[in-house]
**Student:** 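I have a structure I would like to understand better, so I am pasting it below and will then ask my questions one at a time.
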Amino acid sequence: MGKVLVLALAGILAALLGERLMELRRKLNGSRELEPVELPNCHLIKGIERGSEDIDILPDGLAFISSGLKYPGLNSFAPDKPGEIFLMDLNDENPRAIELRISRGFDLASFNPHGISTYIDKDDSVYLFVVNHPEFKSTVEVFKFVEDENALVHLKTIRHELLSSLNDVVALGPDRFYATNDHYFSDSILMYLEMFLGLTWSNVVYYSPTEVKEVASGFYLANGINISPDKKYVYIADLLAHSIHVMEKHANWSLTQLKVLELDTLVDNLSVDPYTGDIWGGCHPNGMKLLFYDPENLPGSEVIRIQNIVSAKPTVTQVYAENGSVLEGSSVAAVHSGKLLIGTVFHKALYCEL
């Protein structure tokens with residue numbers, strides 16, 4: 001009788017593991033193959049070789065690019081080199097990427113930048129918020145941009161127990177922001193166990209010097225976050241749910257869900273066109289290829305554009321798609337005056353004229 005029970009329990013466990021593996025493969029779009037969608041006027045950006053995970057463009061056309069992310073379980077072409085922030089002036093006829101100098105006193109050796117966001121203050125000061133993972137922990141670094149010197153002056157490092165597994169940030173002022181935690185756990189093994197079990201424990205946190213609180217929860221993997229030009233709505237990408245959540249923002253900074261847009265791709269970072277309100281997403285068409293990196297079976301890249309997301313019938317357009325032969329693992333797409341930048345988790349970056 002005891003042997004029968006052991007066999008029965010083993011069978012149940014094997015079935016549960018099989019079901020979890022199949023569900024994880026489904027969430028990662030493991031069977032999806034891409035039909036290419038080409039853009040005619042594109043070229044790789046010289047000098048960016050090890051990632052361009054997030055991009056934020058100021059209204060005047062200055063684009064900030066985070067590079068060199070090391071993330072548990074994902075590929076890195078330069079695991080021993082610190083991260084960088086690049087700047088491109090999209091007003092130039094042939095814009096090029098320039099590495100920004102960072103002020104003394106900041107620990108450059110452990111700089112591991114992830115999501116970024118800019119904020120322009122009333123006096124036109126530009127602040128850059130950077131999710132950082134020094135020693136694979138989570139902080140938000142706040143810099144002031146000094147344009148004449150192509151430099152970032154480090155102002156503060158923000159740590160908090162609610163900011164435990166940060167992915168992206170959207171600045172709301174010189175000292176406040178929303179941020180996504182892509183996992184409940186910060187330990188890498190527990191992070192992947194959380195993903196394997198399909199736990200919806202990921203969340204969004206509001207931070208200010210006087211108040212820190214959870215404002216949204218129940219995500220499989222809360223990733224990119226951004227805000228509408230009129231500041232009424234916050235957009236949150238749930239990568240493993242293939243969806244974007246539209247949240248209504250309230251005066252006390254709390255969020256309530258207005259709708260969810262279901263997609264057929266893994267949406268990473270979100271950019272918002274300040275003039276049209278259109279949302280641009282850098283996407284992973286097949287997350288299995290990203291997670292289990294194989295040079296013979298490269299992760300592809302995909303860019304989508306979403307128009308009128310708050311309406312009853314948003315328009316979703318696949319703007320760009322390719323199998324990784326040009327760009328591996330696209331994570332962000334941002335536009336300015338007919339120019340498109342596409343960034344990646346650990347690979348190169350693409351400049352296109354639309």
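All values reported here derive from a predicted model rather than from experimental measurement.
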**Student:** Does the Ser164 side chain pair with the main chain of Ser186, one donor and one acceptor, at a distance under 3.5 Å?
**Tutor:**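 No, because the side chain of Ser164 does not come within donor-acceptor range (under 3.5 Å) of the backbone of Ser186.
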**Student:** With heavy-atom distances below 4.5 Å as the criterion, would you say the side chains of His183 and Pro72 are in contact?
**Tutor:**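 When only atoms from C-beta onward are counted, Pro72 and His183 do not touch, as no gap falls below 4.5 Å.
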**Student:** Work out which heavy atom in Val130 is nearest to a heavy atom in Pro113; give both atom names and the distance.
**Tutor:**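 Residues Val130 and Pro113, closest heavy atoms: CG1-CB, 3.7 Å.
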**Student:** What's the shortest heavy-atom distance between Gly324 and Leu298, and which atoms?
**Tutor:**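 So the two residues come closest at O-CD1, 3.5 Å.
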**Student:** What residue among Lys249, Arg176, Lys213, Glu211 forms side chain to side chain donor-acceptor pair (under 3.5 Å) with Tyr206?
**Tutor:**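 By the side chain to side chain donor-acceptor pair (under 3.5 Å) criterion, Tyr206 pairs with just one of Lys249, Arg176, Lys213, Glu211: Arg176.
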**Student:** Does Ile85 share a hydrophobic cluster with Val126, counting links as ILVMFWY side-chain heavy atoms below 4.5 Å and allowing steps through other members?
**Tutor:**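 Same cluster.
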**Student:** Within the distance-only criterion (no hydrogens, no angle test), does the side chain of Asn203 pair as donor or acceptor with the backbone N or O of Tyr184 below 3.5 angstrom?
**Tutor:**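 Side chain of Asn203 to backbone of Tyr184, a donor-acceptor pair under 3.5 Å: no, none is there.
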**Student:** Is a donor on one side and an acceptor on the other found under 3.5 Å between the side chain of Asn132 and the backbone of Asn112?
**Tutor:**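 Side chain of Asn132 to backbone of Asn112, a donor-acceptor pair under 3.5 Å: yes, one is there.
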**Student:** So, does Thr180 use its side chain to make a donor-acceptor pair with the main chain of Asp168 at under 3.5 Å?
**Tutor:**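 Looks like yes, one N/O pair under 3.5 Å.
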**Student:** What heavy-atom pair brings Asn286 and Ser31 nearest, and what distance separates the two atoms?
**Tutor:**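 In terms of heavy atoms, the two residues are closest at ND2-N, 4.3 Å.
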**Student:** Give me each pair satisfying side-chain hydrogen bond (donor to acceptor under 3.5 Å, both in side chains) with a member in residues 289-305, each pair once, sequence neighbours excluded.
**Tutor:**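 The answer is Arg32-Glu302, Glu33-Lys289, Thr265-Glu302, Asp278-Arg305, Lys289-Asn297, Tyr293-Glu328, Glu302-Gln318.
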**Student:** Just wondering, do Leu39 and Leu354 contact through their side chains at under 4.5 Å, heavy atoms?
**Tutor:**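 Sidechains of Leu39 and Leu354: in contact.
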**Student:** Group every Ile, Leu, Val, Met, Phe, Trp and Tyr by side-chain heavy-atom contacts under 4.5 Å, then state whether Ile158 and Val131 land in the same group.
**Tutor:**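 Hydrophobic grouping puts Ile158 with Val131.
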**Student:** I want to check something: taking the side chain as every heavy atom from C-beta on, are Lys144 and Ser125 in contact at a cut-off of under 4.5 Å?
**Tutor:**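 Sidechains of Ser125 and Lys144: in contact.
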**Student:** Taking the six-membered ring where the residue is Trp, are the ring centres of Tyr71 and Phe346 under 6.0 Å apart?
**Tutor:**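 Ring-ring flag for Tyr71/Phe346: false, centres at least 6.0 Å apart.
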**Student:** Ignoring hydrogens and angles, tell me if any N or O in the side chain of Asn91 forms a donor-acceptor pair with the backbone of Asp60 under 3.5 Å.
**Tutor:**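 Between the backbone of Asp60 and the side chain of Asn91 there is a qualifying donor-acceptor contact (under 3.5 Å).
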**Student:** When rounded to the nearest 0.5 angstrom, what distance separates CZ in Phe185 from OG in Ser202?
**Tutor:**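 Separation between the atoms: 12.5 Å.
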**Student:** Between CG of Leu62 and NE2 of His336, what distance do you get to the nearest 0.5 Å?
**Tutor:**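 Result: 8.5 Å between the selected atoms.
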**Student:** Quick one: does any side-chain atom of Ser117 pair with a main-chain N or O of Ala171 as donor and acceptor, under 3.5 Å?
**Tutor:**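 At least one qualifying donor-acceptor pair exists.
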**Student:** Give the minimum heavy-atom separation between Ala78 and Arg50, together with the two atoms involved.
**Tutor:**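 Residues Ala78 and Arg50, closest heavy atoms: CB-CD, 3.4 Å.
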**Student:** Under a 3.5 Å distance rule, please check whether His154 uses its side chain to pair with a backbone N or O of Lys156 as donor and acceptor.
**Tutor:**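 Judged by distance alone, yes, a pair lies under 3.5 Å.
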**Student:** Any donor-acceptor pair under 3.5 Å linking the side chain of Thr344 with the backbone of Gly51?
**Tutor:**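 Looks like no, no N/O pair under 3.5 Å.
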**Student:** Does atom CD of Glu35 have more than 12 heavy-atom neighbours from other groups under 6.0 Å away?
**Tutor:**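 12 or below, so no.
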**Student:** When rounded to the nearest 0.5 angstrom, what is the spacing between CG in Leu340 and CG in Asn41?
**Tutor:**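 It is 11.5 Å, given to the nearest 0.5 Å.
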**Student:** Do we see a donor-acceptor contact under 3.5 Å between the side chains of Asp54 and Ser66?
**Tutor:**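 Per modelled atom types, Asp54 and Ser66 side chains form no pair under 3.5 Å.
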**Student:** Name the orientation class of the two ring planes belonging to His245 and Phe219 (parallel below 30°, tilted from 30 to 60°, perpendicular beyond 60°).
**Tutor:**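 Geometry flag for Phe219 against His245: perpendicular rings.
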**Student:** With a 4.5 Å cut-off on side-chain heavy-atom distances among I, L, V, M, F, W and Y, is there a chain of contacts connecting Met247 to Val260?
**Tutor:**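 Cluster IDs for Met247 and Val260 differ.
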**Student:** If you define the side chain from C-beta out and look only at heavy atoms, does anything of Ser52 sit under 4.5 Å from Val332?
**Tutor:**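 No; the side chains remain at least 4.5 Å from each other.
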**Student:** Using side-chain contact (heavy atoms from CB on, under 4.5 Å) as the criterion, point out the one residue from Val170, Val234, Asn181, Ile236 that pairs with Val204.
**Tutor:**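 When Val170, Val234, Asn181, Ile236 are each tested with Val204, the side-chain contact (heavy atoms from CB on, under 4.5 Å) holds only for Ile236.
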**Student:** Give the ring-plane orientation class for Phe143 versus Phe106, where under 30° counts as parallel, over 60° as perpendicular and anything between as tilted.
**Tutor:**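 Ring orientation, 0 to 90° scale: perpendicular.
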**Student:** Identify the residue among Val303, Ile45, Val326 that makes a side-chain contact (heavy atoms from CB on, under 4.5 Å) with Leu350.
**Tutor:**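 Answer to the side-chain contact (heavy atoms from CB on, under 4.5 Å) test with Leu350 among Val303, Ile45, Val326: Val326.
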**Student:** Taking Asn223 for the side chain and Ala237 for the main chain, is one N or O donor matched with an acceptor at less than 3.5 Å?
**Tutor:**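 Side chain of Asn223 to backbone of Ala237: no pair is present.
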**Student:** Go through the side-chain N and O atoms of Asp182 and Ser165 and say whether any donor and acceptor fall under 3.5 Å apart.
**Tutor:**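 Checked: Asp182/Ser165 side chains pair up, N/O donor to acceptor below 3.5 Å.
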**Student:** Going through the distances and angles, do Arg26 and Glu23 end up as a salt bridge (Lys or Arg N to Asp or Glu O under 4.0 Å)?
**Tutor:** CA-CA 5 Å; Arg26 184 192 69 79; Glu23 178 62 11; 2.7 Å; yes
**Student:** Ignoring hydrogens, what is the shortest heavy-atom contact between Leu166 and His114? Give both atom names and the distance.
**Tutor:**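 Residues Leu166 and His114, closest heavy atoms: O-ND1, 3.8 Å.
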**Student:** If the condition is side chain to side chain donor-acceptor pair (under 3.5 Å), which residues does Asp121 pass it with, not counting sequence neighbours?
**Tutor:**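 Partners of Asp121 by the side chain to side chain donor-acceptor pair (under 3.5 Å) criterion come out as none, since no residue qualifies.
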**Student:** Donor-acceptor pair, Ser228 side chain versus Tyr233 backbone, under 3.5 Å?
**Tutor:**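 Yes; at least one donor-acceptor contact below 3.5 Å.
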